[in-house]
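Presented below is the structure to which this report refers.
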Amino acid sequence: MKRYVIIGNGTAAAGCIEGIRSVDGDGAITVVSEERRPVYCRPLISYFLEGKTTLEKMNYRPDDFYERNGCEVLYGRKAVRIDADGKTVSLDDGSVLPYDALCVASGSSPFVPAFDGLETVKNRFAFMTMDDMLALDAAADEKSRVLIVGAGLIGLKCAEGLHGRVAEITVCDLAPRVLSSILDDSAAAPVEECLKENGIRLMLSESVARFEGNRAVMTGGGTVEFDILVLAVGVRANSGLVSEAGGETGRGIVVDRCMRTSLPEVFAAGDCTESEDISCGKKKVMAILPNAYMQGHCAGVNMAGGDETFDKAVPMNSIGFFGLHIMSAGTCSEEDSEVFEEKTDCGLKRFYVKDGRLVGFILVGGTERAGIYTSLIRERTPLSEVDFELLKKTATTAAFSHETRRKKFGGVV
Amino acid sequence: MSAVDFIFPEFEVVRNSDRCIACRVCERQCSNKVHSYNEERGAMLSDETKCVNCQRCVSLCPTRALKIVKSDCAFRENANWQPDTIKQVYRQASSGGVLLSAMGNPKPQPVYWDRILINASQVTNPSIDPLREPMETRVFLGKKPSRAERGPDGKLKTELSPQIDLSMPVMFSAMSYGSISYNAHASLARAAEALGICYNTGEGGLHEDFYRYGKNTIVQVASGRFGVHKDYLEAGAAIEIKMGQGAKPGIGGHLPGTKIVGDVSRTRMIPEGSDAISPAPHHDIYSIEDLRQLVYSLKEATAYKKPVIVKVAAVHNIAAIASGIARSGADIIAIDGYRGGTGAAPTLIRENVGIPIELALAAVDQRLRDEGIRGNVSLVVGGSIRSAADVVKAIALGADACYVATAALLALGCHLCRTCNTGNCNWGIATQRPELVKRLNPDIGSERLINLMTAWRHEIMELMGGMGINSIEALKGNRMMLRGVGLNEKELGILGISHAGE
Amino acid sequence: MKRVYVNEEWCLGCHLCEYNCAFANSGKPDMATALKGKPIYPRIHIEENDRISYAVSCRHCTDPICVKSCIAGALRQEDGVIRIDREKCVGCLTCVLVCPYGALAPDGDGVMQKCELCLQNSCGEPACVTGCPNRAIVYEER
């Protein structure tokens, strides 16, 4: 009987468990879970703040998930060392888990820059885990003035979650726009507009120079008084275990298309990895839930001796703020691609084309059937095979050839 | 335009606003653009002036919110000047042209089928239950030998003329590709094959896709000779020479160039956009002798393997005409009564020219018997055979089989709106507009035709069984099985039947 | 497994399937009550241009990317049918972002809904199939 160890208990771990079980019904699976709770939908923490979901509904899988899949979960335990030669994982309580196949799904951690005077701030929070969120939830009240440092996905979702529950929200970011990693200035503008309309104060192109208790002195010279500080500057992949064991890491654990690391029988999946973004061919950390699941599943299948490749990873995001939906996928860089932009009634569509293929898009507002665009990137479909002029206006499979449609809709897919 | 030109619409579109959900299905389905959606009012509107009462919208409305009713806007009552007549005068005064209409004569002239009743066995001769006992509906059409000789081995020595083999005495009559759609033809061809009967190409040629249904196809040669070539003649089970058509005896046909597109043009072997004009006469036929030449030309061309049908409209001297045809070498005579349908005919001709098929059939059958040449030919009659009862009555009057077209079109969805000539058929039948043609899925169309004919065959067997007859052969010309009601002596005499009670 | 298939050769673009779907999933006794004066959110939609039209609904993929991508764990595959737990869905539209067929769309409240082959209502055969006037939509094993 094969022994499987999974470090981490997030989405990638769940995918890994389901991947293993799709091949091997018997092997022993041990999950090392630093968080003391079963796998939950991490991206939903802001929705909980907002009151759109409950703790119960946030469970990623049914209550009997581990039992049904024959997994032992070690809650509250942390892996401290991987011995790749001896094929063991040491835990923080001194115990040692031998494995035949290991999956590192250790996720990522908030990155906290060294702000001057940060230690003087009492009410400061990260916004990554359920515990972070519950602590914030308990601390926030209608009188709270909240300062969120970082106008990325995490910071803005946190702002939306707190909206209406606190007295004021300020979001600052060193970048000149919100969502700077996925949008450019013009695409970010309607999002900023929408945030401002909803009473969220944005301070862009500046960050905190130093903290003085409940006051932040900004790099622009102004000050912000706050009761609660949320640090959402960025995240770092938790790749230490693998690098210390001698495995190859970059900004994350380096994996191939089968989710193998450079260490024998050690796989990795999820936010802790960097893998090939097929929209640009570069290795990237793509810390998004769909990738985590699919990588986890792929790792699980291969750990159990099956054969699966996951070679269609692209970064993609679907986020909404106060009803305005924004989607992006692939590589949206104006440097080496042609850009097509269509203004629509409710927002904009921008397409990035390189070598006759769609490599990225940004949709603000109208996001209907966006998956058709995503699939063009994932499948690397030559645009000569589709009616791209039509696709620019609207996402429709009518832009495909009759033959392609027959394949897509005429049988089991 | 004169004020007189406005003729109040014949129909009203009644929309139940409690039910209408403004789904706009009616709007999308109406090729005549009767329905429209008013954004401002959030409601559907109708323009009755365009409505032909084809009932497409009524059939598809998911909430049954629509009905089409006859307008009650009335001219002053006048038994002599009926509304239709008045409107015809207005239209002609406005246009100066010959008025056209489609499908069969709708006027209330006598329908003799409805005045003929069928016999049934009681006590002295047993009726037959078709569910328990064998019943033969199969018929062969063609010249029958006057005497059959057998050799010492019992095998037939007499050489038989070619025959059409039908599982039941019904065929789909001629409707050309062009007048009806590709999908309508596909439905007819597939149904004919499944049923073991024949359909008829009409004068539009045979689309290459349908050669595979050859043994269930009758190919027609008409005065325009459209689409006629060697492969075409050889493709079918029989060849029909069309001399006339019941809906428009004495005149030819005219398919406007707008319908001669794509495959229609290729199949007819004429250029796209050119009008397809079938002359009134065949320009090489002015006598029975001329007809005989064409009959034998066609036989010669097909190695005497195909029976040749000569189709004529039922007109005044039909008995004498049929007698001539029976001597021309034709194997089958098809007679089309004046209530027969058409894709387009001058209204005046449709309503005033020709005679009822019942009288024509009885007269022809009697004449051929009197002359001892009935066996020379089989008789096929059409021109409004509406039901299995009409079929049984026709066989008993002397027909070998019936031609059915209008009933077949009804099975395909036709609602007899009689505007085939516009080419905007909302049911995908009498149109060449691709978006309309696709409305007739031949999977459904053929299935419905098969259902209809299967039902008729069951009914034919029930009626025959009731009479104590177990084969079409025994019913043929058996006028003892018929009685007239409300007919005068002359009519009974021509029909060769007794009055009910006699 | 039986699925809904659409033959674009026979689709008339009448949009009846959309209304039949919206009605079937409304829980109302008649269509007028269910749909009159309201926008509809069907689980099947017509794609059309001046040449073609065809209906699109969930393909019930054997390897469903929507299920794998759902950030709320609201989508699942059950005996081959992709089903949604609308209570769990938070309307993030990630499934819309990944579905290559454009088969998913939210309802009026922003919660996702999708074709579940009418298994959750009392229609038996999917309502879009039963109501298609030209047999362009069929429910069969392929």
Side-chain angles (χ1 to χ4, degrees), chain A residues 11 14-15 39-44 46-47 50 52-54 56-62 288-291 293-294 297 312 316-320 323 325 327-329 363 367-376 378-379 387 390 394-399 402 405-406 408-413, chain C residues 1-9 11 45-74 76-77 80 85-106 110-111 137 141-142:
Chain A
T11 306
V39 56
Y40 61 92
C41 304
R42 200 181 297 280
L44 261 49
S46 69
Y47 294 89
E50 225 179 318
K52 271 192 173 173
T53 187
T54 63
E56 196 186 333
K57 287 183 198 163
M58 283 174 73
N59 286 335
Y60 186 60
R61 288 292 182 257
I288 52 171
L289 186 140
N291 258 9
Y293 182 88
M294 289 184 263
H297 192 274
K312 288 183 178 166
M316 56 185 174
N317 280 291
S318 169
I319 35 167
H325 276 283
M327 289 185 183
S328 74
L363 309 176
T367 55
E368 297 83 12
R369 301 180 294 281
I372 294 168
Y373 298 137
T374 311
S375 77
L376 290 176
R378 284 168 53 89
E379 305 298 332
D387 183 348
L390 178 60
T394 177
T396 172
T397 45
H402 177 78
R405 279 200 304 277
R406 206 181 55 76
K408 278 179 183 286
F409 296 109
V412 179
V413 287
Chain C
M1 176 190 147
K2 277 189 171 184
R3 287 180 172 81
V4 170
Y5 295 101
V6 177
N7 188 341
E8 66 183 54
E9 196 179 351
C11 175
H45 70 273
I46 295 289
E47 296 258 7
E48 60 192 331
N49 57 33
D50 47 1
R51 289 167 292 118
I52 48 160
S53 60
Y54 53 95
V56 176
S57 60
C58 176
R59 311 302 316 126
H60 297 280
C61 308
T62 47
D63 187 18
I65 190 168
C66 59
V67 173
K68 292 179 169 179
S69 302
C70 178
I71 69 163
R76 65 187 190 282
Q77 195 172 22
D85 181 344
R86 286 170 42 86
E87 292 291 309
K88 289 189 83 173
C89 174
V90 294
C92 71
L93 304 192
T94 301
C95 48
V96 174
L97 176 61
V98 297
C99 175
Y101 307 99
L104 291 132
V111 177
I137 313 178
E141 196 104 24
R142 280 193 187 170

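The figures here come from the full heavy-atom set of this structure, side chains too, leaving out hydrogens, waters and symmetry mates. We name chains A, B, ... by the order of the sequence lines, and we start the count at 1 in each one.
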- Message: Suppose we call two aromatic rings close when their centres sit under 6.0 Å apart. Are Y5(C) and F409(A) close by that rule?
- Response: no
- Message: Looking at V412(A), is its backbone amide N or carbonyl O close enough to the side chain of R59(C) to form a donor-acceptor pair, meaning the two atoms are under 3.5 Å apart?
- Response: no
- Which of E368(A), M294(A), H297(A) touches chain C most, by non-hydrogen pairs under 4.5 Å: M294(A)
- Message: To the closest 0.5 Å, what do you measure between OH (Y47(A)) and CD1 (I71(C))?
- Response: 5.0 Å
- If you count heavy-atom pairs under 4.5 Å between each of K52(A), R42(A), H325(A), M316(A) and chain C, which one has the most? H325(A)
- Less than 4.0 Å between a side-chain N and a carboxylate O, is that true for E8(C) and R406(A)? no
- Measuring heavy-atom distances to chain C, does L44(A) have an atom under 4.5 Å in its side chain, in its backbone, in both, or in neither? side chain
Please tabulate, one pair per line, all N/O donor-acceptor pairs under 3.5 Å involving side-chain atoms of residues 86-103 of chain C, not counting sequence neighbours.
from: R86(C); atom 1: NH1; to: D107(C); atom 2: OD2; distance (Å): 3.1
from: R86(C); atom 1: NH1; to: M112(C); atom 2: O; distance (Å): 3.1
from: R86(C); atom 1: NH2; to: D107(C); atom 2: OD2; distance (Å): 2.8
from: K88(C); atom 1: NZ; to: N59(A); atom 2: O; distance (Å): 2.4

- Message: Run the side chain to side chain donor-acceptor pair (under 3.5 Å) test against E379(A) and tell me which residues pass, sequence neighbours left out.
- Response: K312(A)
- Task: Measure distances from S328(A) to the heavy atoms of chain C and classify the residue's part below 4.5 Å as side chain, backbone, both or neither.
- Result: backbone
- Answer with side chain, backbone, both or neither: which region of A105(C) has an atom nearer than 4.5 Å to a non-hydrogen atom of chain A? neither
- Query: Under a 4.5 Å heavy-atom cut-off, does chain C meet the side chain of N317(A), its backbone, both or neither?
  - Reply: backbone
- Note on the structure: Counting heavy-atom pairs under 4.5 angstrom with chain A, the leader among G110(C), P64(C), G73(C) is G73(C)
- Item | Between C66(C), S69(C), S53(C), the one whose heavy-atom pairs under 4.5 Å with chain A are most numerous | S69(C)
- Tell me, for T53(A) versus chain C, whether the close heavy atoms (under 4.5 Å) come from the side chain, the backbone, both or neither. side chain
- Task: Working to the nearest 0.5 Å, report the span between CG of N49(C) and OG1 of T396(A).
- Result: 7.0 Å
- Return yes if some donor-acceptor pair links the side-chain N/O of Y60(A) with the main-chain N/O of A74(C) below 3.5 Å, else return no. no
- Task: Among R61(A), M58(A), R405(A), M327(A), single out the residue with the greatest number of heavy-atom pairs under 4.5 Å to chain C.
- Result: R405(A)
